[in-house]
2 protein chains.
Amino acid sequence: MNEIDHATEAAWTALMTKSRVLLEAVESSLKSAGYPPLAWYDALLELEKAGPDGLRPFELKDRILLPQYGTSRLLDRMVKAGLVDRRDCSEDGRGQNISISEKGKSVRRAMWPIYERVLSERIGAKLKPKDAAQLATLLSRL
Amino acid sequence: MNEIDHATEAAWTALMTKSRVLLEAVESSLKSAGYPPLAWYDALLELEKAGPDGLRPFELKDRILLPQYGTSRLLDRMVKAGLVDRRDCSEDGRGQNISISEKGKSVRRAMWPIYERVLSERIGAKLKPKDAAQLATLLSRL
DNA sequence: TATATATAGATGCAAATGCATCGACATATG
DNA sequence: CATATGTCGATGCATTTGCATCTATATATA
């Protein structure tokens with residue numbers, strides 16, 4: 001079985017178009033408010049959720065869907081910006097533990113209202129909660 | 001009004017995650033079959049739909065959601081690969097007309113089965129047409 | 001017509017990404 | 001223990017992206 005149906009194609013097209021447009025809206029709001037890109041937010045959030053021990057880079061990469069080298073370099077930049085701390089891992093000589101710094105927490109907190117506003121304007125205002133939930137359910141099946 | 005509801009957040013998260021995973025699946029299938037990235041397919045398709053006169057770069061950019069400089073450079077590469085023709089525009093001295101070449105048509109045609117297979121496996125097999133249509137409808141409201 | 005403003009497309013430079021590979025340490029196998 | 005294999009994370013190099021700006025032509029305005 002192959003030969004895709006019209007609905008599949010429409011779903012795919014809408015998925016690509018809307019995800020790009022919304023992502024672009026979020027990124028540009030963050031940038032024009034002087035904040036780092038969304039990927040930084042995602043990483044900060046995961047690290048904050050992980051608590052004081054933080055995460056190993058390989059764990060983080062799985063959560064933020066970034067390739068290994070991408071994660072390595074993202075962490076370079078975030079360390080340099082003082083948003084996260086990187087220390088050698090005691091249990092594994094190859095590894096590291098990454099944790100969010102106080103500055104990292106405060107940047108993440110400051111980014112949220114900007115981020116949230118876009119989501120609220122572009123999704124919340126367009127779909128009733130029930131419809132948004134339905135959308136999430138359909139997507140989760142992919 | 002602000003403060004987003006849980007369903008909005010779930011929809012956003014699922015939208016970002018799934019669109020990235022699916023896009024990655026398409027890109028990697030194309031690449032491992034020796035074909036160019038999806039953006040090339042999109043451009044070729046738009047040019048093919050536009051017929052023999054082709055499109056002006058500024059028209060193409062609106063259809064494929066690429067920034068002006070991105071489109072300019074994508075066209076550089078596609079011209080170099082012989083997939084499109086670029087000629088000066090007679091009605092507007094600043095502009096160009098871009099049209100798909102025979103080689104471009106054949107590459108696009110060859111890419112489609114690869115592309116289609118991924119969509120069929122990852123969307124068609126997971127959502128009944130009615131659900132896919134519902135997904136497309138919900139997305140279209142964003 | 002002369003001048004100002006706007007639009008089409010290209011490009012230099014810096015930053016980010018992708019790919020392949022490396023070095024270091026860990027774990028399995030003889 | 002010694003060696004082979006696997007995993008963690010970094011990095012050199014080429015490609016791509018983003019930003020700002022440029023040139024050229026078109027259009028509007030005085």
Side-chain angles (χ1 to χ4, degrees), chain A residues 20 23-43 46-47 53-81 83-99, chain B residues 20 23-43 46-47 50 53-81 84-99:
Chain A
R20 284 176 66 179
L23 180 58
E24 162 68 22
V26 170
E27 294 286 18
S28 91
S29 286
L30 288 173
K31 170 169 298 198
S32 68
Y35 289 112
L38 188 55
W40 291 42
Y41 184 92
D42 292 339
E46 291 302 331
L47 291 168
D53 288 346
L55 294 173
R56 301 282 301 271
F58 75 92
E59 296 173 307
L60 181 61
K61 111 182 138 24
D62 292 337
R63 300 177 199 208
I64 62 181
L65 299 182
L66 234 50
Q68 182 271 320
Y69 58 80
T71 304
S72 174
R73 279 156 171 165
L74 173 61
L75 289 173
D76 287 346
R77 288 173 233 138
M78 291 175 67
V79 167
K80 197 155 83 172
L83 305 188
V84 305
D85 297 318
R86 196 187 227 161
R87 64 213 120 66
D88 287 346
C89 176
S90 49
E91 310 94 53
D92 187 333
R94 297 165 300 183
Q96 311 168 345
N97 286 295
I98 308 293
S99 52
Chain B
R20 284 178 66 179
L23 180 58
E24 163 67 20
V26 170
E27 294 285 19
S28 90
S29 285
L30 289 173
K31 170 167 299 197
S32 65
Y35 290 112
L38 188 56
W40 291 43
Y41 184 92
D42 291 339
E46 290 302 330
L47 290 169
D53 288 347
L55 293 173
R56 301 283 299 272
F58 76 90
E59 295 172 308
L60 181 61
K61 112 182 139 22
D62 292 337
R63 298 176 202 211
I64 61 180
L65 300 181
L66 236 49
Q68 181 272 321
Y69 58 82
T71 304
S72 173
R73 281 158 169 161
L74 174 61
L75 290 173
D76 288 346
R77 290 173 230 138
M78 291 175 68
V79 167
K80 198 154 83 171
V84 305
D85 297 318
R86 195 187 228 159
R87 64 214 122 62
D88 287 346
C89 177
S90 50
E91 309 93 55
D92 186 332
R94 297 165 300 182
Q96 312 167 345
N97 285 296
I98 308 292
S99 52

Counting side-chain heavy atoms from CB outward, which of [options] is closest to [X]?
X	options	value
A:Pro57	D:dG9, C:dG18, C:dA10	D:dG9
A:Tyr69	D:dG9, C:dC19, C:dA26	C:dC19
B:Lys31	C:dG18, C:dT11, C:dG9	C:dG18

In whole angstroms, how far is the [atom2] atom of [N] from the [atom1] atom of [X]?
X	N	atom1	atom2	answer
B:Asp88	D:dA24	CG	P	14 Å
A:Leu75	D:dA10	CG	P	8 Å
A:Gln96	C:dC25	CD	P	13 Å
B:Lys61	D:dT17	NZ	P	17 Å
A:Leu74	D:dA10	CG	P	12 Å
A:Glu27	D:dT17	CD	P	15 Å
B:Leu60	C:dA8	CG	P	14 Å
A:Gln68	D:dA10	CD	C1'	7 Å

query: Taking only N and O in the side chain of B:Ser72, is any of them less than 4.0 Å away from OP1 or OP2 of C:dA10?
result: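 Yes, such a contact exists.
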- prompt: Got a donor-acceptor pair under 3.5 Å from the side chain of A:Arg73 to the base of C:dG18?
  reply: yes
Most 5' of A:Thr71 and A:Arg94 on DNA chain D, judged by nearest nucleotide: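 Taking each residue's closest nucleotide, the earlier one in sequence belongs to A:Arg94.
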- prompt: Are the side chain of A:Arg56 and the backbone N or O of A:Asn97 linked by a donor-acceptor pair below 3.5 Å?
  reply: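 No; zero donor-acceptor contacts below 3.5 Å.
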